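Here's the structure we're looking at; comments come further down.
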Amino acid sequence: MTPRDDAPAPLDPVPEPHTGLMGRFRNYFLTGLVVTGPIAITLYLVWWFVTWVDGVVRPFVPLAYRPETYLPYGVPGWGLIVAFFTLTLVGFLAANLIGRTLVDVGETFLGRIPAVRAIYRGLKQVFETLFSGKGSSFRKVGLVEFPSPGMWSIVLISQSPNEDIARNLPGQEEHVSVFLPCSPNPTTGFFFYVPKSKIIEVDLSAEDAATLIMSAGVVQPGSAPDPKKAAALAGVANAARIANASALQPQQPAKVE
């Protein structure tokens, strides 16, 4: 195919806007920090967790089953593998009749110790609620007016109080227990009961709420870049750059024939 005579001529490449050497170094440094920072912190946390599990499990593993006994170096993550298979085996045994009997005997023994009984029962209920997948605790996110009127905080909605607590709460309205995480550490916070009408439920997952709290509002839910939007913004920015560069170029005097 031959090119058409009326086809627009290709545009000359527009020179990049002039930036100083220190400005370029600053941009490169910030770009590298944004790229490598999350990766480095994630790898550090994973390595810390694996090392912590290895340190806890290794003393319980006989020397004959340790890799460093046969290798000149240790194998990171061996303790994590042993812990995974051990917990799976314990769960398999606990699902059988003999395992359930042993668990009942152990719970009966712990239930007779006054100080240990409350701790064990509380932790058991927490683990059953969080890991069973049947509970609805902390699956809903809401807003409550806290710490003063006009100021709203994100809370994780938990269960309704039991009959004894609900009977002693003032008013006739139904109350709900909520957990208000603190920023930037969402594992700490405040637990309180609030009237159900005072809670504004929001369409937000618990993971997004935790991210919002940990970042102190810097990372907003749904702020992930959309490829189509990013391409559109890049096209607009490129057009603006071309227009600005064309305006800065000196105008050539028109030829008189």
Side-chain angles (χ1 to χ4, degrees), residues 30-31 33-46 48-49 52 117-237:
L30 294 178
T31 302
L33 183 64
V34 170
V35 172
T36 61
I39 299 177
I41 295 176
T42 303
L43 293 178
Y44 171 77
L45 292 177
V46 172
W48 170 83
F49 178 74
W52 176 74
R117 176 175 55 196
I119 299 176
Y120 172 74
R121 289 181 178 177
L123 291 177
K124 182 182 179 181
Q125 292 178 358
V126 170
F127 273 76
E128 288 180 349
T129 303
L130 293 178
F131 296 101
S132 64
K134 299 179 181 179
S136 59
S137 298
F138 299 155
R139 298 182 183 274
K140 296 182 180 180
V141 181
L143 295 173
V144 296
E145 204 168 12
F146 182 88
S148 62
M151 302 177 65
W152 296 86
S153 300
I154 295 179
V155 294
L156 302 178
I157 302 175
S158 186
Q159 301 287 347
S160 300
N162 56 24
E163 295 181 0
D164 295 336
I165 297 179
R167 187 168 49 250
N168 290 278
L169 290 173
Q172 302 296 328
E173 187 176 354
E174 181 183 358
H175 287 70
V176 179
S177 57
V178 297
F179 175 70
L180 192 154
C182 291
S183 179
N185 183 11
T187 59
T188 61
F190 302 94
F191 171 80
F192 51 88
Y193 296 101
V194 62
K196 194 172 184 179
S197 61
K198 301 296 183 182
I199 302 176
I200 301 177
E201 293 189 13
V202 295
D203 187 12
L204 194 68
S205 63
E207 292 79 6
D208 292 339
T211 303
L212 179 63
I213 294 170
M214 285 189 295
S215 65
V218 175
V219 180
Q220 294 292 329
S223 59
D226 188 359
K228 295 182 179 180
K229 292 182 179 180
L233 291 176
V236 173

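As the structure is a prediction and not an experimental result, all values here were calculated from the model.
- To the nearest 0.5 angstrom, Y193 atom OH is 7.5 Å from L169 atom CG.
- Between P181 and V155, the shortest heavy-atom contact is CD-CA, 4.4 Å.
- Atom-to-atom distance recorded for T188:OG1 and L180:CG is 10.0 Å, nearest 0.5 angstrom.
- In this structure, the side chains of T42 and L45 stay at 4.5 Å or more apart for every pair of heavy atoms.
- Between F192 and F146, the angle of the ring planes stays under 30°, which puts this pair in the parallel group of the 30/60° scheme.
- One distance of note links CE of M214 with CG of L212; it measures 10.0 Å at 0.5 Å rounding.
- Summarising the geometry, atom NE2 belonging to H175 is positioned 8.5 Å from atom OG belonging to S197; distances are rounded to the nearest 0.5 Å.
- The closest donor-acceptor contact from the side chain of S153 to the backbone of V144 lies at 3.5 Å or more, if one exists at all.
- Counting heavy atoms of neighbouring residues, nucleotides and ligands inside a 6.0 Å radius, atom CG of D164 exceeds 12 of them.
- At least one side-chain heavy atom of L156 sits under 4.5 Å from a side-chain heavy atom of V141.
- More than 12 heavy atoms of other residues, nucleotides or ligands shown are found within 6.0 angstrom of CZ on F191.
- The nearest pair of heavy atoms linking S160 to E174 is OG-OE2, 3.7 Å.
- In this structure, CD1 on I165 lies 8.5 Å from CG on N168, to the nearest 0.5 angstrom.
- The aromatic rings of F49 and W52 are tilted relative to each other, their planes meeting at an angle between 30° and 60°.
- Of the possible donor and acceptor atoms, one in the side chain of E145 sits under 3.5 Å from a partner among the backbone N and O of G150.
- Under the 4.5 Å side-chain criterion, counting only non-hydrogen atoms from C-beta, L143 is in contact with I154.
- Other residues, nucleotides and ligands contribute more than 12 heavy atoms inside 6.0 Å of the CD atom of E173.
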